[in-house]
Novice: 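Below: one structure in C-alpha coordinates.
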Amino acid sequence: MKKIIILALALLTVAGASAQKAAKPTKQIVTTVFITDLDCENCAKKIYDNFYGKGVRSVKCDVATKSVAVTYDASKNSPEALKSSFADLKVKVVKHMTAEEFEHYKEHHNHSGHSHSHHNHKH
(Lines give C-alpha, C1' and ligand atoms only; values in the text may rest on other atoms or scores of the structure.)
Protein backbone atom coordinates (compact mmCIF):
# COMPACT_ATOMS: atom_id res chain seq x y z
CA MET A 1 0.00 0.00 0.00
CA LYS A 2 2.88 2.38 0.83
CA LYS A 3 4.41 1.73 -2.58
CA ILE A 4 1.15 2.64 -4.32
CA ILE A 5 0.88 5.90 -2.36
CA ILE A 6 4.52 6.79 -3.07
CA LEU A 7 4.06 5.96 -6.76
CA ALA A 8 0.87 8.05 -6.92
CA LEU A 9 2.62 11.02 -5.27
CA ALA A 10 5.55 10.73 -7.67
CA LEU A 11 3.18 10.72 -10.65
CA LEU A 12 1.32 13.76 -9.30
CA THR A 13 4.60 15.63 -8.85
CA VAL A 14 5.65 14.90 -12.44
CA ALA A 15 2.20 15.83 -13.77
CA GLY A 16 2.24 19.06 -11.75
CA ALA A 17 5.67 20.03 -13.10
CA SER A 18 4.49 19.36 -16.65
CA ALA A 19 1.39 21.49 -16.14
CA GLN A 20 3.50 24.37 -14.81
CA LYS A 21 5.75 24.23 -17.86
CA ALA A 22 2.73 24.24 -20.17
CA ALA A 23 1.21 27.24 -18.39
CA LYS A 24 4.37 29.33 -18.73
CA PRO A 25 4.12 31.58 -21.81
CA THR A 26 6.53 30.61 -24.54
CA LYS A 27 8.98 33.14 -25.90
CA GLN A 28 7.92 34.63 -29.18
CA ILE A 29 10.71 36.77 -30.61
CA VAL A 30 9.39 39.33 -33.10
CA THR A 31 10.65 42.47 -34.77
CA THR A 32 8.49 45.56 -35.08
CA VAL A 33 9.67 48.50 -37.17
CA PHE A 34 8.66 51.94 -35.99
CA ILE A 35 8.64 54.84 -38.46
CA THR A 36 9.69 57.87 -36.43
CA ASP A 37 10.80 61.49 -36.70
CA LEU A 38 14.43 60.32 -36.35
CA ASP A 39 16.56 62.77 -38.33
CA CYS A 40 20.20 62.50 -37.29
CA GLU A 41 22.86 60.16 -35.92
CA ASN A 42 22.73 61.92 -32.52
CA CYS A 43 19.04 61.01 -32.23
CA ALA A 44 19.89 57.42 -33.21
CA LYS A 45 22.60 57.33 -30.53
CA LYS A 46 20.09 58.61 -27.95
CA ILE A 47 17.80 55.72 -28.89
CA TYR A 48 20.60 53.13 -28.79
CA ASP A 49 21.81 54.35 -25.40
CA ASN A 50 18.45 54.80 -23.68
CA PHE A 51 15.82 52.60 -25.29
CA TYR A 52 14.35 50.16 -22.84
CA GLY A 53 11.50 47.75 -22.61
CA LYS A 54 10.70 44.43 -21.09
CA GLY A 55 12.02 41.60 -23.25
CA VAL A 56 13.83 43.91 -25.73
CA ARG A 57 16.63 42.00 -27.47
CA SER A 58 17.95 44.58 -29.94
CA VAL A 59 17.34 48.02 -31.39
CA LYS A 60 18.51 49.10 -34.88
CA CYS A 61 18.12 52.65 -36.15
CA ASP A 62 18.22 53.78 -39.79
CA VAL A 63 18.28 57.56 -40.17
CA ALA A 64 17.76 57.37 -43.96
CA THR A 65 14.39 55.64 -43.61
CA LYS A 66 13.61 57.19 -40.18
CA SER A 67 13.04 53.67 -38.92
CA VAL A 68 13.82 51.90 -35.67
CA ALA A 69 13.61 48.10 -35.68
CA VAL A 70 13.02 46.65 -32.22
CA THR A 71 13.37 42.91 -31.66
CA TYR A 72 11.66 41.72 -28.49
CA ASP A 73 9.84 38.89 -26.77
CA ALA A 74 6.15 39.35 -27.64
CA SER A 75 5.13 37.41 -24.53
CA LYS A 76 6.63 40.26 -22.48
CA ASN A 77 5.92 43.35 -24.58
CA SER A 78 3.92 44.82 -27.45
CA PRO A 79 4.30 47.60 -30.04
CA GLU A 80 1.85 49.77 -28.10
CA ALA A 81 3.83 49.38 -24.88
CA LEU A 82 7.14 50.07 -26.67
CA LYS A 83 5.77 53.40 -27.92
CA SER A 84 6.11 54.73 -24.37
CA SER A 85 9.89 54.18 -24.57
CA PHE A 86 9.97 56.41 -27.65
CA ALA A 87 7.78 59.01 -25.94
CA ASP A 88 10.14 59.07 -22.94
CA LEU A 89 12.97 59.90 -25.37
CA LYS A 90 10.88 62.61 -27.12
CA VAL A 91 10.84 60.59 -30.36
CA LYS A 92 7.57 60.69 -32.27
CA VAL A 93 6.27 57.40 -33.70
CA VAL A 94 4.40 57.93 -36.96
CA LYS A 95 3.45 54.27 -37.45
CA HIS A 96 4.66 50.76 -36.75
CA MET A 97 4.66 47.57 -38.81
CA THR A 98 6.12 44.09 -38.96
CA ALA A 99 9.56 43.60 -40.48
CA GLU A 100 7.92 42.04 -43.55
CA GLU A 101 5.56 44.99 -43.99
CA PHE A 102 8.53 47.34 -43.65
CA GLU A 103 10.34 45.64 -46.55
CA HIS A 104 7.30 46.31 -48.73
CA TYR A 105 7.04 49.87 -47.37
CA LYS A 106 10.71 50.57 -48.25
CA GLU A 107 10.19 49.44 -51.83
CA HIS A 108 7.45 52.01 -52.30
CA HIS A 109 8.76 54.89 -50.17
CA ASN A 110 12.53 54.85 -50.54
CA HIS A 111 14.11 56.21 -53.71
CA SER A 112 17.76 55.83 -52.79
CA GLY A 113 19.55 53.95 -55.52
CA HIS A 114 16.62 54.57 -57.84
CA SER A 115 17.74 55.36 -61.37
CA HIS A 116 16.08 58.26 -63.10
CA SER A 117 17.85 57.67 -66.42
CA HIS A 118 14.71 56.23 -67.99
CA HIS A 119 12.83 59.49 -67.32
CA ASN A 120 13.15 62.21 -69.93
CA HIS A 121 14.46 64.89 -67.59
CA LYS A 122 17.73 65.89 -65.96
CA HIS A 123 18.58 66.07 -62.24
Side-chain angles (χ1 to χ4, degrees):
M1 185 68 171
K2 272 187 175 178
K3 288 182 181 180
I4 293 174
I5 292 172
I6 291 171
L7 181 60
L9 286 174
L11 288 172
L12 284 174
T13 303
V14 170
S18 296
Q20 284 179 346
K21 285 182 184 178
K24 187 177 178 181
T26 58
K27 288 183 181 180
Q28 183 184 0
I29 307 304
V30 297
T31 299
T32 298
V33 181
F34 296 87
I35 305 303
T36 67
D37 62 353
L38 178 70
D39 61 357
C40 69
E41 289 299 327
N42 286 334
C43 294
K45 183 173 178 3
K46 177 173 71 171
I47 292 170
Y48 283 126
D49 292 346
N50 301 295
F51 195 89
Y52 60 90
K54 206 172 198 177
V56 171
R57 299 287 179 100
S58 71
V59 177
K60 295 180 183 168
C61 300
D62 184 347
V63 175
T65 60
K66 296 181 178 269
S67 64
V68 179
V70 181
T71 302
Y72 60 96
D73 182 346
S75 69
K76 295 181 179 180
N77 217 322
S78 69
E80 290 73 26
L82 289 169
K83 284 183 184 180
S84 66
S85 295
F86 286 104
D88 291 347
L89 297 172
K90 308 279 190 268
V91 175
K92 181 182 174 189
V93 173
V94 178
K95 66 162 84 177
H96 69 274
M97 60 193 80
T98 66
E100 293 80 19
E101 290 169 334
F102 180 65
E103 289 305 315
H104 181 72
Y105 173 86
K106 278 195 317 186
E107 289 176 16
H108 293 90
H109 291 90
N110 184 2
H111 293 284
S112 64
H114 177 75
S115 171
H116 289 247
S117 62
H118 63 280
H119 299 290
N120 291 325
H121 61 273
K122 296 180 183 175
H123 289 271

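Numbers here are sequence positions counted from 1.
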Novice: Taking C-beta and beyond as the side chain, do Asp39 and Lys66 meet within less than 4.5 Å on heavy atoms?
Specialist: yes
Novice: Would a single hydrophobic cluster contain both Phe86 and Ile35, if residues Ile, Leu, Val, Met, Phe, Trp and Tyr are joined by side-chain heavy-atom contacts under 4.5 Å?
Specialist: no
Novice: Is a salt bridge present between Lys106 and Glu103, judged by a nitrogen-to-oxygen distance below 4.0 Å?
Specialist: yes
Novice: Distance alone, cut at 3.5 Å: any donor-acceptor contact between the side chains of Tyr105 and Thr65?
Specialist: no
Novice: Rounded to the nearest 0.5 Å, what separation is found between the NZ atom of Lys54 and the OG atom of Ser75?
Specialist: 9.5 Å
Novice: Is it true that Phe102 and Val68 fall in one hydrophobic cluster, defined by side-chain heavy atoms closer than 4.5 Å?
Specialist: no
Novice: Do Val93 and Ile47 sit in the same hydrophobic cluster, where Ile, Leu, Val, Met, Phe, Trp and Tyr count as joined when their side-chain heavy atoms come under 4.5 Å apart?
Specialist: yes
Novice: Should Val33 and Val56 be regarded as members of a common hydrophobic cluster, given that ILVMFWY residues are connected when their side-chain heavy atoms come within less than 4.5 Å of each other, either directly or indirectly?
Specialist: no
Novice: Can you find a heavy atom in the side chain of Asp37 that is under 4.5 Å from one in the side chain of Val91?
Specialist: yes
Novice: Locate the shortest heavy-atom distance separating Leu38 from Ala44; write the atom from each residue and the value.
Specialist: CD1-N, 3.4 Å
Novice: Starting at NE2 of His96, measure out to CG of Leu82 and round the result to the nearest 0.5 Å.
Specialist: 9.5 Å
Novice: Tell me, do Ile29 and Tyr72 make a side-chain contact under 4.5 Å, heavy atoms counted?
Specialist: no
Novice: Would you compute the distance between atom NZ of Lys46 and atom SG of Cys40 and round it to the nearest 0.5 angstrom?
Specialist: 8.5 Å
Novice: When you measure from the side chain of Asn77 to the backbone of Gly55, do you find a donor-acceptor pair of N or O atoms at a distance under 3.5 Å?
Specialist: no
Novice: Supply the atom-to-atom distance Cys61 SG to Phe34 CZ, rounded to the nearest 0.5 angstrom.
Specialist: 11.5 Å
Novice: Answer whether the closest heavy-atom distance between the side chains of Met97 and His104 falls below 4.5 Å.
Specialist: no
Novice: Are Lys95 and Glu101 packed together at the side-chain level, in the sense that at least one heavy-atom pair is separated by less than 4.5 angstrom?
Specialist: no
Novice: Donor-acceptor check, side chain of Asp62 to backbone of Ser67, threshold 3.5 angstrom: yes or no?
Specialist: no
